[in-house]
Amino acid sequence: INAEYMGDLTGAVAEHVGMNTENGRALSRIPNGIADKLKQAKAEGWLLGCVFKGNAYQSPGATGYTAAANGLIPGRTYALLDVRETGQPGQTLVRLRNPWGVGGWTGNWGAGSNMWTQNMMEHLSYYPEQGNNQSTFWMDVRDFEESLAALQICRTYNHNIGEPWYMSADLDGYWGGMNTGGQVSMSNPQYIISCSESASCFVFLSQYSALI
């Protein structure tokens with residue numbers, strides 16, 4: 001399920017961040033940019049998914065896909081469930097849901113990794129599944145970033161969750177006539193956003209389907 005479908009199901013604001021796009025490259029250039037983005041999403045209760053690099057290979061079987069050498073299935077969507085600190089300076093782990101029934105990350109912090117100590121298992125309430133297929137798995141955020149093709153974010157804005165750092169507003173408008181192709185027309189709705197200090201702004205445009 002991708003960001004657009006998550007938005008359709010929840011009525012929330014969907015954002016697809018391809019790592020080879022301008023937005024994705026800008027995020028990667030920021031020190032700890034992806035880790036901080038994931039932590040923000042967790043704090044706000046947003047829904048997260050991701051797609052890993054590579055081409056998906058068809059194979060016989062229930063899932064129809066073959067995992068790559070690192071245990072990940074390229075080009076398929078994974079749900080991102082959790083973002084946690086390990087207690088070690090600068091180390092962040094992410095937990096992913098594997099819906100495909102095959103594979104599972106084989107690198108550091110994978111189920112077969114020797115990095116799992118009893119203390120870490122208790123700290124994260126995670127006890128690695130043995131075998132080749134894991135329903136959930138953990139990755140270091142640096143390995144995650146290196147393997148990442150796209151982040152899928154569904155911003156379920158809720159003032160009762162997380163820090164009240166934002167204001168949100170829903171505005172209805174209609175652009176019609178001969179100037180709906182992008183040309184400026186003062187007869188169509190105009191919106192002005194003003195801030196008294198430096199701030200981030202997220203603008204989401206949507207068009208209702210004719211079937212609704």
Side-chain angles (χ1 to χ4, degrees), residues 1-53 74-84 92-100 136 139 141 144-145 147-176 179-185 188-212:
I1 187 167
N2 64 26
E4 182 179 350
Y5 297 151
M6 288 195 293
D8 289 341
L9 289 171
T10 63
V13 178
E15 180 184 8
H16 179 93
V17 183
M19 302 314 295
N20 62 346
T21 65
E22 182 178 348
N23 286 344
R25 289 190 291 268
L27 184 61
S28 295
R29 286 194 294 268
I30 301 171
N32 301 316
I34 288 181
D36 289 344
K37 184 86 167 180
L38 298 179
K39 291 173 186 176
Q40 176 194 9
K42 179 188 175 184
E44 297 297 332
W46 298 344
L47 305 177
L48 290 168
C50 66
V51 177
F52 292 114
K53 295 175 182 176
R76 303 294 95 190
T77 299
Y78 288 77
L80 205 157
L81 304 178
D82 203 357
V83 186
R84 297 282 294 275
T92 301
L93 301 184
V94 295
R95 187 175 189 177
L96 296 109
R97 173 81 170 91
N98 176 14
W100 304 104
T136 66
M139 298 176 69
V141 73
F144 174 78
E145 181 175 353
S147 305
L148 187 64
L151 267 180
Q152 298 165 345
I153 303 170
C154 193
R155 296 171 180 247
T156 50
Y157 285 118
N158 186 337
H159 287 287
N160 297 319
I161 298 177
E163 294 293 331
W165 59 271
Y166 59 81
M167 296 180 62
S168 61
D170 296 326
L171 302 173
D172 290 327
Y174 175 74
W175 278 53
N179 295 311
T180 56
Q183 299 182 41
V184 175
S185 170
N188 281 316
Q190 311 291 317
Y191 302 102
I192 298 175
I193 300 172
S194 61
C195 298
S196 59
E197 59 185 55
S198 178
S200 297
C201 180
F202 186 87
V203 178
F204 179 76
L205 302 178
S206 64
Q207 178 177 339
Y208 291 116
S209 168
L211 299 178
I212 297 178

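Just so we're clear, the structure is a prediction, and the values are computed from it rather than from any experiment. Throughout, residue positions are numbered sequentially from 1 according to the sequence presented.
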Atom [atom1] in [X], atom [atom2] in [Y]: separation rounded to 0.5 Å?
X   : Y    : atom1 : atom2 : value
R84 : T92  : CZ    : OG1   : 11.5 Å
K37 : L27  : NZ    : CG    : 6.5 Å
R25 : N20  : CZ    : CG    : 6.5 Å
N32 : E145 : CG    : CD    : 9.0 Å
Y78 : M139 : OH    : CE    : 9.5 Å

task = Answer whether the closest heavy-atom distance between the side chains of V94 and D82 falls below 4.5 Å.
result = no
query = Is there a side-chain contact between I34 and M19, using heavy atoms and a 4.5 Å cut-off?
reply = yes
Closest heavy-atom contact between [X] and [Y]?
X    : Y    : value
K53  : P74  : O-CB, 3.1 Å
D36  : P31  : OD2-O, 4.2 Å
L81  : T136 : CD1-CG2, 4.0 Å
G18  : A150 : CA-CB, 4.0 Å
L148 : C50  : CD1-CB, 3.7 Å
G24  : V17  : CA-CG1, 3.9 Å

note = In V83, L93, L80, the residue satisfying side-chain contact (heavy atoms from CB on, under 4.5 Å) with F144 is L80
ask   = Are any of the side-chain nitrogens in E15 or R155 under 4.0 Å away from the carboxylate oxygens of its partner?
value = yes
